[in-house]
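Presented below is the structure to which this report refers.
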Protein chains: 2
Amino acid sequence: MNIGEASQASQLPTKTIRYYEEIKLIKPIRAENGYRTYSETDLHRLRFLQRSRSLGFSIEECRLLLSLYEDEDRASADVKRLALDKIGEIDRKLAELESLKATLSALATDCHGDDRPACPIIDDLAGRTSD
Amino acid sequence: MNIGEASQASQLPTKTIRYYEEIKLIKPIRAENGYRTYSETDLHRLRFLQRSRSLGFSIEECRLLLSLYEDEDRASADVKRLALDKIGEIDRKLAELESLKATLSALATDCHGDDRPACPIIDDLAGRTSD
DNA sequence: TTAAGGCTTCCAGCTACAGGAAGGTCAAGC
DNA sequence: GCTTGACCTTCCTGTAGCTGGAAGCCTTAA
């Protein structure tokens, strides 16, 4: 299977697949003409990577997950810890975004949004207090 | 005022301040010895940038906000639109993160997290359905 | 005079790819 | 046999927003 077909089957762009090879996440064999040839095993790895990336795991985390995936003697606790860590990371980002949203929403509510220059948003950014 | 003092006063690293100059967000004058010299106006801009960056605006958005900040004839509607757009962007990120969290949480709950290899998280990443 | 600290420029690296150029390969149609 | 177009190859550059580090000048105090 050539890279185009592997791309279709894994839902990953060819650019991404070549990049994953460059950083040694996969190593397809080469045909005589130099084309990359993907086995079913390679395809499984690509799909695994597509899914774990889409769940927010970094490349290095994916590398670790992949090694656990292929380790028959893995402990599920190791996998679960990665997932829980990622959930913690997501929680921190959520809290930060909620905080940003609250601040921006308050400012936007205070702003008339008309053609006059007076603007509480600019005042806040400039460090001017609103009283 | 030299860059170190400007850094303290604006809460921005010196590296960042030099970078902002490189991308033409500020243009401090130079002393005879070649040192950058920051005026009060420069300092206001730096603080404005620090605050707007911390609220999640991109560099290009900050550039726009800065021009509105310094435009006496601005319409507050222009500023408000930027803020509302940013809130929309934050909302989209929140939804995406919530979705990721829900998926990961469900998988983590299903995972025993012991020393055995059976793992619903890995199964999901591998595309195996859980039934 | 020397040492410490601050300043300068320049270059490399980070994440996870995407875009594009220049060129080889393959299958179909004429 | 030749062309055309789709596919493949490698290599280089760029993205955002800095950060780290090297090599070297400037300033101030002991």
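The basis for the numbers below is simple: all heavy atoms, side chains too, and nothing from hydrogens, waters or symmetry mates. Just so it is clear: chains get the letters A, B, ... in the order the sequence lines come, proteins before strands, and each one is counted from 1. The structure displayed is predicted, hence computed values, not measured ones.
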Item to complete: Quickly work out the B:Glu32 CD to D:dT27 P distance and round it to whole Å.
Response: 10 Å
Worksheet item: Does one side chain, of A:Asn2 or A:Thr37, offer a donor that lies under 3.5 Å from an acceptor on the other?
Response: no
Item to complete: Take the protein atom CD of B:Glu21 and the nucleotide atom P of C:dC7, then report the distance between them rounded to whole Å.
Response: 13 Å
Fill in: Whether over 12 other heavy atoms sit under 6.0 Å from A:Glu96 CD
no
Discussion item. If I take atom OH in residue B:Tyr35 and atom P in nucleotide C:dT9, what distance separates them, rounded to the nearest angstrom?
Written reply: 11 Å
Discussion item. Both B:Pro13 and A:Asn2 contact DNA chain D. Taking the nearest nucleotide for each, which residue is further toward the 5' end?
Written reply: A:Asn2
Worksheet item: Any side-chain N or O of B:Arg30 under 4.0 Å from OP1/OP2 of C:dT9?
Response: yes
Practice prompt. Identify whether any heavy atom of B:Ile23 sits under 4.0 Å from a base atom; if not, whether one sits that close to sugar-phosphate; answer base, sugar-phosphate or nothing.
Written response: nothing
Discussion item. Looking at C:dC7, I'd like to know if its phosphate oxygens (OP1 or OP2) sit under 4.0 Å from a side-chain N or O belonging to B:Arg36.
Written reply: no
Worksheet item: Would you find more than 12 non-hydrogen atoms of other residues, nucleotides or ligands less than 6.0 Å from B:Gln8 atom CD?
Response: no
Discussion item. Whole angstroms only, please: what is the CG-P distance between B:Leu12 and D:dC18?
Written reply: 8 Å
Discussion item. Is B:Asn33 close enough to C:dC7 that one of its side-chain N or O atoms is under 4.0 Å from OP1 or OP2 there?
Written reply: no
Could you go through nucleotides 11-16 of chain C and list every protein N or O atom that sits under 3.5 Å from one of its N or O atoms, giving the distance for each pair?
none

Worksheet item: Under 3.5 Å, side chain of B:Arg53 to main-chain N/O of B:Cys62, donor-acceptor pair present?
Response: no
Discussion item. Using a 3.5 Å distance criterion without hydrogens, assess whether the side chain of B:Ser52 forms a donor-acceptor pair with backbone atoms of B:Phe48.
Written reply: yes
Worksheet item: For A:Glu22 and D:dC12, what is the distance between atoms CD and P respectively, to the nearest whole Å?
Response: 12 Å
Response to the item:
Among C:dT25, C:dC7, D:dT9, the one nearest any side-chain atom of B:Ile3 is C:dC7
Item to complete: Determine the minimum heavy-atom distance between B:Cys111 and B:Ile121, stating which atoms define it.
Response: CB-CD1, 3.9 Å
Practice prompt. Starting at atom CZ of B:Arg18, determine the distance to atom P of C:dC7, rounded to an integer number of angstrom.
Written response: 7 Å
Discussion item. Go through it in stages, so that I can follow the logic: the residues are A:Glu21 and A:Lys27, the test is salt bridge (Lys or Arg N to Asp or Glu O under 4.0 Å), and I'd like the CA-CA distance, side-chain angles, deciding distance and then a yes or no.
Written reply: CA-CA 6 Å; A:Glu21 178 176 355; A:Lys27 348 173 179 42; over 6 Å; no
Item to complete: Using atom CG of B:Leu25 as one end and atom P of D:dC18 as the other, report the distance to the nearest whole Å.
Response: 10 Å
Discussion item. Expressed as a whole number of angstroms, how long is the span from B:Tyr38:OH to C:dG6:P?
Written reply: 16 Å
